[in-house]
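Written out below as C-alpha cells is the structure these notes cover.
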Protein chains: 2
Amino acid sequence: MKHSPNSSSIEDYVKVIYAYTEWQDKPITSSALATRLGVANSSVSEMVRKLKDQGLVDHEPYSPIHLTAEGLTLALAMVRRHRLLETYLVRELGYSWDEVHDEAEQLEHAVSDHFIERMSAKLGHPSRDPHGDPIPDAQGRITMVPSHRLDELDPGHTGRISRISDHDPALLRHLEAIGIGVDTRLTVLGQPRFGAGLQIAFPDATNDVGPLTLSDEVAASLWLASEGAHPDCSVQELTGGSLMTPYSDAQ
Amino acid sequence: MKHSPNSSSIEDYVKVIYAYTEWQDKPITSSALATRLGVANSSVSEMVRKLKDQGLVDHEPYSPIHLTAEGLTLALAMVRRHRLLETYLVRELGYSWDEVHDEAEQLEHAVSDHFIERMSAKLGHPSRDPHGDPIPDAQGRITMVPSHRLDELDPGHTGRISRISDHDPALLRHLEAIGIGVDTRLTVLGQPRFGAGLQIAFPDATNDVGPLTLSDEVAASLWLASEGAHPDCSVQELTGGSLMTPYSDAQ
DNA sequence: TCTATTATTTCGGTGTACCTAAACTTTGAA
DNA sequence: TTCAAAGTTTAGGTACACCGAAATAATAGA
C-alpha cells in the first residue's frame, strides 16, 4: 500500500517503466528494464517483486510489467521533476541543451516538492522542457501534442520538430550543428528504410542548408508535429488509473 | 589514498568533523560525532576506520579525530556547496531563512561541481551565506571576520551580528521576530551566566525595542563582529594542511 | 593505586541493491 | 509436436551503512 521512504532506485525503476510506454503501447519486459537501468536481469526480478509488494506495479512471473495507478502517479511526479529541472538548468543556469540530462537525473531524487514548485513558478509553469517533452503538472496531467516519429512518416509530410529524445548528448550536439532543434520546420522527402536513412529539407529560409540525409537512428529520435489541422494540445487526465496513450493521427 | 565514489555518508562525516573545529580548537571525539550525525557510536568507529583507510582522517584508537589535508579539502568543498546552496535558495528561489538548511543538506550531495560554479557565478561569487557564515572559494580559501560568541563578551561591547548558527529553524524565526538578523547592531549590557541569560540593547533606532534578555542558549548562537579596529576580513589560506583558527581579538 | 564510571571499539546481525551462475519457463522453428 | 534458444526467476553471495550488546580501554574519585 504505502511506499514510504521513496528510495531513489524505486523512483528510477518506476520512471523507466513509465518512459517505455510514453510513446508506444507495448508494456516493458524484465530484460528491457534491466538494459535501460544498466543492471542484471536478476536484480530486476527481485526489485519488481518489491515494487509489486508496494503496490506500484502489476506483474505475473514471466510476463511484462505494468504500472498501477499509484505507480503511474509516482512516475509522473518523477517525470515532472526531471523535465522541470532540465528546463530550469537551461533557462536559469545557462546549461547547454546536451548537458542537462545527467545533472537532472541526480537532482530529481534530491530536491523537495517545495523546491520543484518554486522552480516551476519561477519559470512561469512551463508545459514543455528544452527537448520539447511535455511536463506533467503538479497533479500529474500532461498536455499532449499530435506527433509522429520521423522514421514513421511518408514523403511529403511537413511540420515542425516537437520533441527530441534527450538520451544522447552527442546526438544533441550533432543536431544543433546541422540546424535542427525543437520547433525547426522540416519536410520529409525520402522514406526511411532501416540502414538507408531519411531525406529531409528545411522549408525555412533561415535553416536553408538544402536537403539532408539523416540516419535511421537519428530519425527515430525526432518527432514531428503536423501543422494546420491539430495545432496543439489535446489534454488528457492522467492522475487516476488511465494510462497515457499518445495522440494518434487518423488522417 | 583515493576516495573515489564519494558516498554521501563520507561527505557528511567529514563535514561534521570540520564543523566541530570551525569556531573552536578542540578536536571532535567519537561520541560527539555520533551525536551530531544521529548514529550509534559503533557506526562511527567503523566509519572512522574507513575514513582513515581512505586518508581523510588521522585517528588512533580511543583518541579524538583529526582531518588530514585531504579530508580538510573535501570538508571545505562540502561547506562551500552547502553555503552557496543556502544563499542561492534564499536569493533566487525565495526560500526563507529558516527553510534552507534541510534542502541544502540534501542537495549538497547531489549537485555537480559545474552546478556549484554556475550558481556561484550567478550570485556574483558571494563570500557569506544568509546566516553570515563565510563561503570558502573554489580553492577552499575562507575569508575570516573577527568575531566572538555573544555569551563570551563583557558588558559594554558593541558591534554587529556577523553570524547566526543555522541549525535550529525555530531559533531563526524567534530571532527574526525580535528583530535580530545578520548585521543587526547590538550592545551587550549584562554579562551572561549559565541559566541567567544575556542583556542586550539595540543602538539602532530602527530596531529600538529597548533592552532585551536572551537565554544563554540563544546567546551561544550569535556572533558579534567588533566595529572599528578590525572592520573586516583577514584572509587565511586553508587549502593545504593548515587548520583554520578563528581570528582571536587580543584587546 | 585501585576501582567505578564513562568512552570507545569489537562482534554478530539487519536491510538494501546489486552481482553471477544455475534452474526454470516460454517461444518459435523444424 | 518437439526441443533448443531466448527470456526470466531463484539461489547464494557481496558491499555499504547502519544497529544493539558485549568487551575493552581510559579517567577520575576515594
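Letters A, B, ... are given to chains in the order of the sequence lines, protein chains preceding strands, and every chain is numbered from 1. Keep in mind the model is a prediction, meaning the values are calculated, not measured.
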NZ/NE/NH1/NH2 to OD/OE distance under 4.0 Å, R118(B) and E92(A): no
Y95(A) (side chain) donor-acceptor with F115(B) (main chain) under 3.5 angstrom: yes
Spacing of R49(B) atom CZ relative to dA15(D) atom C1', expressed in whole Å: 15 Å
Point-to-point distance, once rounded to the nearest 0.5 Å, from CG of D102(B) to CG of D98(B): 10.0 Å
Residues E11(A) and R81(A) bridged, charged N to O under 4.0 Å: no
Interatomic distance, D12(B) CG vs dC18(D) C1' [rounded to whole Å]: 14 Å
Rounded distance in Å - CE (M47(A)) to C1' (dC18(C)): 10 Å
Base of dG20(D) paired with side chain of S42(B) (donor-acceptor, under 3.5 Å): yes
Atom-to-atom span, OH of Y62(B) to P of dT24(D) - whole angstrom: 9 Å
Below 4.0 Å: OP1/OP2 of dA17(C) and any side-chain N or O of S7(A): yes
Closest to the S31(B) side chain, choosing from dT8(C), dA17(C), dT8(D): dT8(C)
Whole-Å gap separating P (dG12(D)) and CD (E46(A)): 13 Å
Nucleotide nearest S43(A) (side chain, heavy atoms from C-beta), chosen from dT8(C), dC19(C), dA17(C): dC19(C)
Residue mapping more 5' on DNA chain C - nearest nucleotide basis, P61(A) or A40(A): A40(A)
Summary of ring-ring contact (aromatic ring centres under 6.0 Å, His included) pairs that have at least one residue in residues 73-93 of chain B, sequence neighbours excluded: H82(B)-H101(B)
Whole angstrom value for the distance that separates C1' of dA23(C) from CG of N41(A): 14 Å
Under 4.0 angstrom between S9(A) side-chain N/O and dC18(C) OP1 or OP2: yes
L33(B) CG to dA17(D) C1', straight-line distance once rounded to whole Å: 15 Å
Rounded interatomic separation in angstrom, taking NZ from K50(B) and P from dT10(C): 15 Å
